[in-house]
Amino acid sequence: MSSHYPEPNGEIIAALCAARAAISPKHFYDASGSALFERITRLPEYYPTRTERSIMETHGREIGNRIAAGATVIELGAGNCEKARTLCASIQPKCFVAVDISADFLHEAVAGLRSSFPALDVRTVVADLNDEIILPADVPAEQRLVFYPGSSIGNFDPEPALDLLRRIRRLAGDAGALLVGVDLIKDDAILDAAYNDAEGVTAAFNLNALAHLNRLIGSDFDLRDWRHVAFFNRARSRIEMHLEAVIDTRVCWPGGERLFRRGERIHTENSYKYDIEEFAVLLDRAGFKQASCWTDPRQWFAVFLAQV
Ligand code: AVJ
């Protein structure tokens with residue numbers, strides 16, 4: 001089986017054919033995947049989104065006082081822009097750039113923002129955070145605030161996370177800043193429950209990646225042949241998500257195929273959990289100067305504001 005596959009599917013097929021098969025978490029976010037994620041954020045077990053919101057509501061004024069009025073906010077992984085709505089209300093930026101990998105979801109989301117903030121210059125950029133983030137040339141260069149909520153930084157392994165933070169520092173520019181949400185290490189049972197909700201929405205979100213791949217590369221994954229697996233790997237300080245074959249199943253796509261034995265897994269996501277000191281060190285290594293941090297009373301989640 002030759003390992004060279006035509007772009008853009010080459011990357012996807014190479015990962016599927018690797019000894020430890022994998023699918024990048026970016027392939028969760030087609031339209032139905034983005035909608036499933038919205039449902040996840042409202043689940044009783046999935047605490048990150050509401051905990052981050054409570055921190056922003058409790059400390060929003062203090063955070064806002066440290067951000068210059070008339071800033072340019074660049075939100076990474078903007079999704080439905082709900083988080084941006086709260087932030088824009090408290091800091092009145094002059095320009096907002098929504099960056100996301102899911103184009104169709106993005107355009108719908110910013111339409112709402114435009115009607116709520118008619119004076120706000122709203123832009124959209126479809127980008128993959130694994131690559132350099134290029135903004136339209138006329139986006140103001142000064143007073144930039146990069147907004148990266150929801151602990152999406154957790155999807156990146158340690159070195160790629162540091163690399164991303166360095167790219168974000170360049171994007172923020174001199175006198176810029178980063179406002180980032182980070183999920184913190186906590187009891188295994190709480191973490192395991194957040195990724196194995198009773199309603200099975202996270203399982204549907206995970207399996208949906210196979211349906212997305214069937215459209216992207218013309219494969220014939222049968223979702224009934226796979227089950228959702230998620231657990232906290234304390235040694236690596238990360239939630240791991242996998243899809244496990246429940247029977248021997250052969251998957252075919254134009255120009256290739258692979259037989260997955262019963263019990264074999266495809267890795268779909270890591271979600272790293274940090275402690276506050278560890279993440280402060282990462283910001284420092286990425287070149288950010290003083291970082292301020294706010295948490296919820298249980299210290300389940302943290303919001304950092306790091307100046308360039
Ligand atoms: C959007 C990456 C922050 O890792 O918690 C939610 C995605 N995966 N449930 C996370 C996710 C399973 C989420 N992030």
Side-chain angles (χ1 to χ4, degrees), residues 22-53 55-56 75-84 98-102 105-106 109 127-130 147-158 160-161 164-165 168 179-188 190-212 226-233 236-244 265-274 279 296 300-304:
I23 297 173
S24 162
K26 67 184 173 189
H27 297 307
F28 286 141
Y29 302 100
D30 59 353
S32 46
S34 297
L36 282 166
F37 178 63
E38 293 317 317
R39 285 182 54 198
I40 287 174
T41 62
R42 296 190 291 273
L43 290 169
E45 299 96 335
Y46 191 77
Y47 60 83
T49 311
R50 70 176 67 86
T51 307
E52 181 177 50
R53 188 182 314 120
I55 295 169
M56 294 300 287
E75 181 175 4
L76 307 181
N80 65 6
C81 294
E82 272 316 304
K83 298 180 190 113
V99 180
D100 202 282
I101 195 163
S102 173
F105 201 73
L106 193 57
D128 177 344
L129 297 186
N130 293 289
F147 180 41
Y148 196 25
S151 199
S152 291
I153 184 87
N155 271 161
F156 292 82
D157 295 337
L164 173 61
L165 288 170
I168 288 175
L179 186 63
V180 57
V182 180
D183 197 14
L184 301 176
I185 298 171
K186 55 187 65 65
D187 190 58
D188 291 43
I190 298 163
L191 286 166
D192 287 338
Y195 294 83
N196 291 285
D197 60 282
E199 213 183 311
V201 182
T202 309
F205 173 73
N206 198 3
L207 287 161
N208 174 68
L210 301 179
H212 190 193
W226 300 85
R227 76 181 184 95
H228 165 73
V229 174
F231 56 90
F232 184 56
N233 175 341
R236 304 295 295 277
S237 193
R238 67 188 188 198
I239 282 280
E240 294 186 13
M241 292 219 310
H242 303 260
L243 291 165
E244 181 176 294
R265 291 179 174 178
I266 300 175
H267 175 257
T268 53
E269 183 176 44
N270 285 330
S271 190
Y272 284 86
K273 311 302 176 184
Y274 290 88
F279 198 77
D296 59 297
W300 280 14
F301 201 92
V303 172
F304 288 82

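Just follow the structure's listing: the first ligand is 1, and inside any ligand the first atom is 1. Small disclaimer: the values here were computed from a predicted structure and weren't measured.
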Polar pairs, ligand 1 vs protein, N/O only, below 3.5 Å.
| from | atom 1 | to | atom 2 | distance (Å) |
| --- | --- | --- | --- | --- |
| ligand 1 | 4 (O) | S271 | OG | 2.8 |
| ligand 1 | 5 (O) | Y46 | OH | 2.6 |
| ligand 1 | 5 (O) | Y195 | OH | 2.7 |
| ligand 1 | 8 (N) | E269 | OE1 | 2.7 |

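Residues forming a side chain to side chain donor-acceptor pair (under 3.5 Å) with D183 (at least two apart in sequence, or on another chain): Y47, K186, K273. Take R227 and apply the salt bridge (charged side-chain N to carboxylate O under 4.0 Å, His left out) test, not counting sequence neighbours, and it matches E244.
If you check the side chains of N208 and S32, you find a donor sitting under 3.5 Å from an acceptor.
Checked by atom type and distance alone, the side chain of D100 pairs as donor or acceptor with a backbone atom of G79 at under 3.5 Å.
Sorted by first then second residue, the salt bridge (charged side-chain N to carboxylate O under 4.0 Å, His left out) pairs that include residues 28-43, not counting sequence neighbours, are D30-R215, R39-E199.
Using a 4.5 Å heavy-atom threshold, the side chains of F279 and V180 count as touching.
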